[in-house]
Amino acid sequence: MRFWIGIAVVATGLVAMASLVNYEYFFFAGYTVLMFVVLSTAWNILGGYAGYVNFGTPAFFGLGAYSAAVLYKATAAPLVLQIALAAVMAGLLGFGAGLLTLRLRGIFFAIAMQTVFINWRYAGGATGLQLLRPEPIAPFESYIKMLFIVMALAAIASVAIARYIERSWIGRGLRAIRDSEEAAEASGVPTLRLKLFACTVSGALMGVAGAPMPMYLSFIEPASTFNLTYAIGAIASPMIGGTAHWLGPVIGAVLLSSLQQIVTVTVSNEMNVLLVGVLLVVFVVVAPEGILGLFRRLLHKR
């Protein structure tokens with residue numbers, strides 16, 4: 001009950017901000033922070049719980065974004081259908097990647113898909129695709145505010161899914177795979193099915209994170225959509241916050257993405273990668289189990 005009460009409080013606070021705040025950049029930046037909450041939570045389902053490090057975040061994110069953009073261009077479908085298609089397509093990619101490799105050498109999938117969309121003229125090819133946003137749905141007077149709330153709902157849903165997986169027999173099985181896959185299989189844990197499940201759910205949530213991006217930018221093109229920075233952020237956030245608990249990726253994503261937005265505005269966008277590197281080095285040395293692990297250690301000493 002405490003979890004759901006907390007979710008209700010957070011959701012109410014976000015809706016209140018959307019109603020009261022009129023500073024447009026706040027919602028641009030807030031959307032990015034919430035997007036990385038979804039991405040890092042999705043990554044942690046496979047990389048944190050099961051221990052299978054996934055560098056293919058740009059592939060799932062980009063496939064979700066292009067699925068939504070092509071569907072909108074072809075049928076002018078509403079955003080909810082775009083997100084649903086993105087989840088299905090990215091989930092299928094996750095399932096296929098799990099079947100083919102089980103190690104998710106995802107950067108190669110990202111390169112392959114970027115090549116496909118560069119040569120697909122209907123999707124804009126290498127020059128990209130310009131999109132006209134539809135009118136915002138009431139009660140939103142701004143489409144960016146609406147996207148902010150949509151991404152907030154996606155973040156809440158992804159955290160709830162990750163929390164359920166962590167506390168269920170699925171999470172216990174994934175942790176057994178992370179500790180020792182051979183011992184888990186010898187103990188009767190269905191390792192293959194659990195890994196495929198984690199690949200599929202993780203990929204689907206990454207696709208959901210990417211689906212609103214074309215409307216967010218009113219533009220989509222392969223180089224920025226399949227960018228490696230999405231993989232860096234998705235991996236760094238759980239490492240900073242902690243990979244053993246569903247709350248770790250949320251803390252890491254909010255901290256890291258907020259700092260990146262501040263650095264972008266005050267210094268330059270190029271400093272973001274340096275910021276990620278410095279934070280990772282600091283946390284690897286000071287708190288290898290992340291902020292949550294550091295907090296538990298300090299609490300135990302006290």
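In this chain, numbering begins with 1 at the start of the sequence shown.
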Criterion side-chain contact (heavy atoms from CB on, under 4.5 Å) on M239 and F283, from CA distance to verdict: CA-CA 8 Å; M239 291 180 66; F283 276 94; over 6 Å; no
Stepwise ring-ring contact (aromatic ring centres under 6.0 Å, His included) test for Y216 and F28: CA-CA 8 Å; Y216 172 75; F28 273 98; 5.5 Å; yes
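Checked against the 6.0 Å centroid threshold, F197 and F95 do not count as a close aromatic pair. Ring centers of Y230 and F61: under 6.0 Å apart, within the cut-off. Aromatic ring centres of F3 and W246 lie closer together than 6.0 Å.
For L147 against Y31, the heavy-atom pair with the smallest separation is O-CD1, 3.7 Å. Residues A29 and Q261 come closest through the heavy atom pair CB-OE1, 3.7 Å. Taking all atoms of both residues into account, the shortest heavy-atom contact from A209 to V38 is CB-CG1, 3.8 Å. Residues A211 and A86 share a closest heavy-atom pair of CB-CB, 3.6 Å. Residues S257 and F36 share a closest heavy-atom pair of OG-CB, 3.3 Å. Nearest approach of L194 to I177, heavy atoms of both residues: CB-CD1, 4.0 Å.
Residues that satisfy the ring pair (Phe, Tyr, Trp, His ring centres under 6.0 Å) test with F26, not counting sequence neighbours, are absent from this structure. Scored by the side-chain hydrogen bond (donor to acceptor under 3.5 Å, both in side chains) test, S168 finds no partners at all (sequence neighbours excluded).
Hydrophobic clustering, with ILVMFWY side chains joined whenever heavy atoms are under 4.5 angstrom apart, keeps F295 apart from L247. Taking hydrophobic clusters as Ile, Leu, Val, Met, Phe, Trp and Tyr residues chained together by side-chain heavy-atom distances below 4.5 Å, I262 does not share a cluster with V254. Under the 4.5 Å side-chain heavy-atom criterion for Ile, Leu, Val, Met, Phe, Trp and Tyr, Y25 and L34 are members of the same hydrophobic cluster. I5 and V10 sit in two unconnected hydrophobic clusters of ILVMFWY residues. Membership requires side-chain heavy atoms under 4.5 Å apart, directly or through other members. Residues L299 and L292 do not share a hydrophobic cluster, defined by chaining ILVMFWY side chains whose heavy atoms lie under 4.5 Å apart.
Of the possible donor and acceptor atoms, none in the side chain of R175 sits under 3.5 Å from a partner among the backbone N and O of A50. Between the side chain of S40 and the backbone N or O of V37 there is at least one donor-acceptor pair closer than 3.5 Å. T225 places a side-chain N or O within 3.5 Å of a backbone atom of E221 that can act as its donor or acceptor partner. In terms of modelled atom types and a separation under 3.5 Å, the side chain of Q82 and the main chain of A69 share no donor-acceptor contact. Here the side chain of N44 pairs no donor or acceptor atom with the backbone of P238 at under 3.5 angstrom. With hydrogens and angles ignored, the 3.5 Å screen pairs no side-chain donor or acceptor of S224 with any backbone N or O of I220. Under the 3.5 Å distance criterion, the side-chain polar atoms of Y49 are matched with a main-chain donor or acceptor of A162. Although no hydrogens or angles enter the test, the distance criterion places no donor-acceptor pair under 3.5 Å between the side chain of S202 and the main chain of C199.
Distance check, rounded to the nearest 0.5 Å: OG1 of T41 to CD1 of I156 gives 11.5 Å. We find the CD1-CG distance between I240 and L256 to be 4.5 Å, quoted to the nearest 0.5 Å. Here CD1 of I161 is found 5.0 Å from CG of L205. Values are rounded to the nearest 0.5 Å. We find the CG-CE distance between L39 and M35 to be 5.5 Å, quoted to the nearest 0.5 Å. For the atom pair CZ (F27) and OG1 (T32), the distance works out to 13.5 Å, reported to the nearest 0.5 Å. Interatomic distance, CG of L71 versus CE of M89, reported as 10.5 Å (0.5 Å rounding).
The shortest side-chain heavy-atom distance between L259 and L279 falls under the 4.5 Å cut-off. Looking at R178 and L174, their side chains never come closer than 4.5 Å, going by heavy atoms from C-beta outward. Side-chain contact between I235 and T57 is absent, with no heavy atoms from C-beta onward closer than 4.5 Å. By the 4.5 Å heavy-atom criterion applied to side chains, L294 and E289 are not counted as neighbours.
Residue V88 shares its hydrophobic cluster (ILVMFWY side chains chained together at separations under 4.5 Å) with L92.
A salt bridge links E181 with K195: at least one charged nitrogen is closer than 4.0 Å to a carboxylate oxygen.
Residue R193 qualifies as open at atom CZ: its count of foreign heavy atoms under 6.0 Å is 12 or below.
Ring geometry for Y66 against F226 counts as parallel: the plane angle stays under 30°, on a 0 to 90° scale with 60° as the upper cut.
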